[in-house]
Amino acid sequence: MPVNLTDEILGSVEKPARYTGNEWNIVRKDPCGVKIRFAFCFPDVYEIGMSHLGMRILYHLLNERSDTYCERVFAPWTDMEEKMRENHIPLFTLESHDPVSDFDFVGFTLQYEMSYTNIVNMLDLAGIPLFSSGRTKDHPFICAGGPCAYNPEPLADIMDFFILGEGEEVINDVMDAYAAWKDENVPREEFLNRIVNIEGVYIPRFYDVVYNPDGTIRSISAKNGCPEKVRKRIIKDMETAYYPDKIIVPFIDIVHDRIMLELFRGCIRGCRFCQAGFIYRPVREKSAVRLVDAARKLQQSTGYEEISLTSLSTSDYTQLECLTEELLKEMEGRMVNLSLPSLRIDSFSMDLMEKAQKVRKSGLTFAPEAGTQRLRDVINKGVTEDDLISSVTLAFNGGWRGVKLYFMLGLPTETYEDIDGIAELGGKVVDAYMKVPKDRRAKGLRVTVSTSSFVPKPFTPFQWEPQDTMDLLREKQKYLQGRIKSRYISYNWHDPELSFLEAVFARGDRNMCRVLVRAWEKGCKFDGWGEHFKFKSWMEAFEECGVDAGFYASRKRDYDEVLPWDHIDIGVSKKFLARECEKAYRGEVTPNCRVRCSGCGTGVFTCG
Amino acid sequence: MRITKIRIRFLRDEEVKYISHLDLMKTFERAVRRSGLPAAYSQGFNPHIRMVFGLPLPVGVTSEAEYADFELSEEGIAPRDFMEGLNRELPVGLKIIDAAVMENGINIMAAVALASYQIVACCGDGCKTSRMGELVEAFLKAPEIVTGKRGKQGTREVNIRPMIKRLELYDDEYLRSCVPGDARREQIFGFSALLCAGSKSNLKPELLVQALSEFSEIDMRILRVHRKALFIEAGGKIRDPLKPLGSMI
């Protein structure tokens, strides 16, 4: 039975179209005509969630099944939530407006740790018990996947199960098992027993965590019959992997309002701070032919005016030249723009951008991440000062006048000399601009230096590293601000409080669960939205639960410590990561995978 | 090359009444792209389909009389084909119900002069239907109707009487379904109004109801607004937008 969303309510909230649905290409099915109802939940507001490529793929993939109806759910904004609670309207889906609690599955995608309070809030709004142990056969199965699921432990008491890795195949395996289970009249737990051996499925209640007196983990052990280590699932052949011919076209503006073509998964570079580069290995490309075909179909079925190429490092796509040539040819006639984010700046890409992006030459982005070559070698970011300067020179000669430089503060082995390096690099970029003859360069140079706070992540060589304390990070930010003197350079930074919490949850264990719920009880949600972030409430929550946040964020861990995610297998071995960490401390670089294989371990998937 | 311009009349129903005017334009643009119809594009960095919409409809209002002009890059497209081709690509809640070729002339936005609305309001306690009829009559007899119009620089007093061309009560089946939880059927009234519209002079239904409420000293809150028709001024006469040279209304 759909919820009663009256005109009175919709007329009183911001952007009511967030909740009304009916967009082009949504799937309409009769809920009574399917066996499985799946509510796909993105734990943030519509505009953010609709931009997520993963949802766009899985929504259509699940709906290909005749026995399943997948519908979308986003976090209602605070004004709508208030109306919902006032009027006893439970969390509902966009397609049918049916209550989420009526569904068979409620699946969350974990894109960033600071979305977790929204997950708790959405479960509460749906009227579903927050903890897995409190659910009965009357309740849906609550599951989660996505990049943060690789350390599932902070949500272990909340989720019934996790899907680790790429969802395209494993989700169908789980649905098949469910369809069979539903027909028989067996207990809820039995379903979990049936899926525990599907590769990629992790069921927290089947694993016991024992702690040492000092708070570190003594052991994580699997109950009888369960795999000791849960290996992530990958799609072996990207060429034949499912990709939808049509995606939903939203009415309202969303963050990424365009067709996104995924070129390849994984990354060859091995930058030591980057979790994505490791968790999405091995590298698997799609052919240019397949991509052009997908682009054509998607453009036809959506009418979108822009296509964007997406991957972790687009310049490394082996067929980039031929792909862009084909796409430009195809899309020109249809008045479709080609958008190319994060390309390495060289003569090829400059030429391409000239042809493709018919937009004003406002700004180009570079991410050196560290201010000195020494530190860049430590983090294995293969960008030299010469690379940067020749790139910006090329850009300035081409009429670009805005440059954004991204760095991190708090990287392992960082000294104040490295921070000086950031300011110096900014200065050198300004110098490069000045060297370009006045008649060639565009007027009004704007260089923006932006620093984020380093957050050590699981499954990276830096997973044992401490994060700088908030005070130290603030000190460094202030120091850098003082070193940047040019009027052409502006410096952006954010208070490290959010990064601190991110660091705690990224490497947190099961103790995080009750802190999360307590923080939510205190009103924490939409933490990623500055105006709603309540750091004080978070710290109170930690204290009230007797959990020391610094233990997770600011402590240097031993190589032999049992990490909360040690029972998860992504292919990349712990030994490899430790070796990389040692090399980092020696300032040694590891070449990219195409130059030489460094034996990270993902060879075990035999396809990359 | 002679530009072909086709004017369409479309309706905007419940499913899409909450999308903004800009979103509506974007929706049409993408639908035109999907249809493969030969739309004309603007020049510049971000080419857009050349189209002009009539009086923007506020969020929350439905309509059976919305108009838009589309420029085509080819000649000889029959309006019926344009209508059917585009209808196939429009989301549920949007539907073109008529179309005609326009000679080059004033675009729809500039030509709009009048709009007719059906307004459903919930009125304060104790107001009988017969009394409401008298009230409307008295309201219309007033030489001036002054009310406060809220703008960016604060509220200013305006005389709205000249902008009201016709105002009557109406009743139909649908009104019965509009009763909100905290009201009774007797409190629901339907007003049919023909008001000035467009860039020269524009009276919004909300302001009309505000003025009526002040005049009658009865609480009134709008439940629904539906635009029934739009009229343009062409050659000094009031006409149907799809028949700018045709018979007078």
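Chain naming here is simple, since letters A, B, ... match the order of the sequence lines and numbering starts at 1 in each.
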- Name the region of B:Val32, side chain, backbone, both or neither, that has any atom closer than 4.5 Å to a heavy atom of chain A. neither
- Which bit of B:Leu90 comes within less than 4.5 Å of chain A, counting heavy atoms only: side chain, backbone, both or neither? backbone
- Task: For residues A:Phe251 and B:Pro91, determine if any side-chain heavy atom of one lies less than 4.5 Å from a side-chain heavy atom of the other.
- Result: yes
Return the [atom1] to [atom2] distance between [X] and [Y], rounded to the nearest 0.5 Å.
X	Y	atom1	atom2	result
B:Leu94	A:Trp24	CG	CH2	10.5 Å
B:Thr27	A:Ile252	OG1	CD1	11.0 Å
A:Tyr304	B:Arg30	OH	CZ	5.0 Å
A:Thr20	B:Ile19	OG1	CD1	8.5 Å
A:Glu8	B:Leu223	CD	CG	7.5 Å

Quick check: are there more than 12 heavy atoms from other residues, nucleotides or ligands sitting under 6.0 Å from [atom1] of [X]?
X	atom1	result
B:Arg80	CZ	no
A:Arg440	CZ	no
A:Lys29	NZ	yes
B:Arg150	CZ	no

- Task: Find the one option among B:Glu29, B:Arg221, B:Glu89 whose heavy-atom pairs under 4.5 Å with chain A are most numerous.
- Result: B:Glu89
- Task: Carefully, step by step, assess B:Lys17 and A:Leu10 under the rule side-chain contact (heavy atoms from CB on, under 4.5 Å).
- Result: CA-CA 11 Å; B:Lys17 71 185 188 187; A:Leu10 286 169; over 6 Å; no
- Query: Are the side chain of B:Arg33 and the backbone of A:Arg334 linked by a donor-acceptor contact shorter than 3.5 Å?
  - Reply: yes
Does any backbone or side-chain atom of [X] lie under 4.5 Å from a heavy atom of chain B? Answer side chain, backbone, both or neither.
X	answer
A:Gln300	backbone
A:Arg18	neither
A:Asp257	both
A:Asn25	neither

- Query: Is it the case that A:Asp7 and B:Tyr18 place a side-chain donor and acceptor less than 3.5 Å from each other?
  - Reply: yes
